[in-house]
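In what follows, chains are A, B, ... by sequence order, proteins preceding strands, each numbered from 1. Bear in mind that the values here come from a model prediction, so they are computed numbers and not experimental data.
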Protein chains: 2
Amino acid sequence: MPRSSEDNQRIKDERREAILAAATRVFARRGLASTKIADIAHAAGLSHGLVYHYFESKEAIYVEVIRDILHGSRSALDECVAMEASPFERLAAFVRGVIARVEESPERLLLVLQVMVQDECSKGACAFFDDHAKHLYFSVRSLIVASREQGLIDPEGDPDALATALFAMIHGIAIGMLIDVPVPRRTPSVELVLRLLGPTRSAARSLSVVGKKVGVAPPEPSDARNGRRGRTSTAPKPRRSRRESA
Amino acid sequence: MPRSSEDNQRIKDERREAILAAATRVFARRGLASTKIADIAHAAGLSHGLVYHYFESKEAIYVEVIRDILHGSRSALDECVAMEASPFERLAAFVRGVIARVEESPERLLLVLQVMVQDECSKGACAFFDDHAKHLYFSVRSLIVASREQGLIDPEGDPDALATALFAMIHGIAIGMLIDVPVPRRTPSVELVLRLLGPTRSAARSLSVVGKKVGVAPPEPSDARNGRRGRTSTAPKPRRSRRESA
DNA sequence: TCGTTGATTGACTGGCCAGTCAATCCTAGG
DNA sequence: CCTAGGATTGACTGGCCAGTCAATCAACGA
């Protein structure tokens, strides 16, 4: 066979990545329907015909993009949940991580929101979508419950209302980042977001102490107060992490 | 001329309204591009050809829908701003009103968000869009500043960060309402949303006292603590309120 | 140098959909 | 009952775009 054959593969992978990255940007802004294959091809720097050398169809790209995003965010969440720290601190780490990732590329979350809002989940995507959403929701919810049990946050708040509010806030932040209107924007800080939960003074203070970055969880496992946390869902195959998708 | 001629006009108006209402629902879910005229026609209960009897084009419907939504929300905001109450209470009234309207029809806000996210503001819509966004933003911001000056909220918070956070929260709530995933959802209460601003205990308490509904401002003017409050913005023309759009 | 084989291009096709329009259906007024 | 004129329909057209494919390019091994 011609071509160096093994870095041939590498080139092919890079092309795929480039197409997926370009597609993420374009899909997030324009949605599936009004994104033309030619737009993606142009953004990725190749001719539209070539796109079909790498992907089955426009929908296939869409699904793969979404799947990568979901996989990435699930990993990040799981990392936070497994941290050695109080539930409130773990929540904080989660929020901090999400905001960091959203700042890096708000398109990813926006794309997910778009899919969630459409009535007909784009075919295949649907299958793992609900599953992912439940995992995310219940992980956060149980951190909230645990925080409350340990007196780290306002004992009055309903966990579902708090979780809903927290996600709403995060989603809103992502949208705000992509909105282009001539008003001063300042991305809300983690502390501000966590005000929603009504943290006690000491819990709030603890934030400045614990790991500043997602994923810098202290070394050891098994945390005494680590309540219910069994992943309810099918395992995500440990696919290579597309781009910086985590 | 045949037809009773004057309720002929009424029928025509009703049809228009019906089309606009149907279009709002469909556009919000699917976006401009993947909404077919036939979808709107079907949702409004008429044939697709007839839609063109009432509107120039699909884009014309889109623009009119958006304009009505913006007009409605501006009126509602201006009502709150003009209330006789402390700035914090007026903010609360605004938030309460928005949540009420979003609960009634989340599609409206979602549609606005969609437009804001798209790079190319849909032609004509663009003209009044930025203007509206600025009006909304700066009205809320000045209520925040006034609240701070009067010691009703945390004096530390940056007004831009707080305003950004408040809008993010509201946007997120609207999205949450349209998302259909199998997790328990509880719409966050006004009090929860306002936690973001860090209200003083007394300010928070004042919420249960003042007008529960947007626009039911207490009768009389001039309130001792009613500091600076000049409306910064252009007057809203009192156009007929398309549907329940306010 | 040539042959092989995958990468790449862009003209082309088929289907879908916005928008048109001739034909038909009402309803009121005469 | 008849007529006028707007309301309504749906077959039709033109354009756009997803997806195909024959032709060309390029690089490696022999």
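Across the protein-nucleic acid pair, Glu59(A) atom CD and dC17(D) atom P stand 15 Å apart, rounded to whole Å. The CD1 atom of Ile11(B) sits 11 Å away from the C1' atom of dG6(D) (whole-angstrom rounding). The distance between atom CZ of Arg16(A) and atom P of dA7(C), rounded to the nearest whole Å, is 13 Å. dA18(C) atom C1' lies 15 Å from atom CD1 of Ile19(B), rounded to whole Å. Remark: C1' of dT27(C) and NZ of Lys12(B) are 16 Å apart, rounded to the nearest angstrom. For the pair Ile61(A) CD1 and dA18(D) P, the computed distance is 10 Å after rounding to whole Å. The CZ-C1' distance, from Arg15(A) to dA26(D), rounds to 13 Å in whole Å. Nucleotide dA7(D) holds its P atom 11 Å from the CG atom of Asp13(B), rounded to whole Å.
Side-chain proximity of His48(A) to dT20(D), dA18(C), dT8(D): nearest is dT20(D). Nearest nucleotide to the side chain of Leu46(A), out of dA18(D), dT9(C), dT9(D): dT9(C).
Near DNA chain D, defined here as any heavy-atom distance below 4.0 Å, the residues from residues 49-58 of chain B are Gly49(B), Leu50(B), His53(B), Tyr54(B), listed numerically.
Across its full length, the helix from dT1(C)-dA30(D) to dG30(C)-dC1(D) shows an angle of 10° between the axes of its 5 terminal pairs at either end, rounded to 10 degrees.
How far CG of Leu91(A) is from OG of Ser142(A): 8.5 Å, rounded to the nearest 0.5 Å. Atom CZ of Arg74(B) and atom CG of Leu70(B) lie 8.5 Å apart (nearest 0.5 Å).
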Under 3.5 Å between N/O atoms: give me all the protein pairs with nucleotides 22-24 of chain D, atom names plus distance.
none

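Remark: Ala165(A) engages Leu196(A), Met169(B), Pro188(B), Leu192(B) in a side-chain contact (heavy atoms from CB on, under 4.5 Å) (not counting sequence neighbours). For Leu46(A), the side-chain contact (heavy atoms from CB on, under 4.5 Å) partners are Arg15(A), Ile19(A), Ala41(A), Ala44(A), Leu50(A), Val51(A), not counting sequence neighbours. With sequence neighbours excluded, the residues that form a salt bridge (charged side-chain N to carboxylate O under 4.0 Å, His left out) with Glu14(B) are Arg10(B). Here Phe167(A) pairs with nothing under the ring-ring contact (aromatic ring centres under 6.0 Å, His included) rule; sequence neighbours left out. Remark: Ala18(A) pairs with no residue by the side-chain contact (heavy atoms from CB on, under 4.5 Å) rule, at least two apart or across chains. For Ser57(B), the side-chain contact (heavy atoms from CB on, under 4.5 Å) partners two or more places apart in sequence, or in a different chain, are Glu59(B), Ala60(B).
Residue pairs meeting the ring-ring contact (aromatic ring centres under 6.0 Å, His included) criterion with at least one member in residues 21-59 of chain A, sequence neighbours excluded, are Phe27(A)-Tyr62(A). Residue pairs meeting the salt bridge (charged side-chain N to carboxylate O under 4.0 Å, His left out) criterion with at least one member in residues 34-49 of chain A, sequence neighbours excluded, are Arg30(A)-Asp39(A). Residues in residues 160-180 of chain A take part in these side chain to side chain donor-acceptor pair (under 3.5 Å) pairs, two or more places apart or across chains: Tyr137(A)-Asp160(A), Arg141(A)-Asp160(A).
Ser34(A) comes within 4.0 angstrom of no nucleic acid atom, judged by non-hydrogen atoms across all strands.
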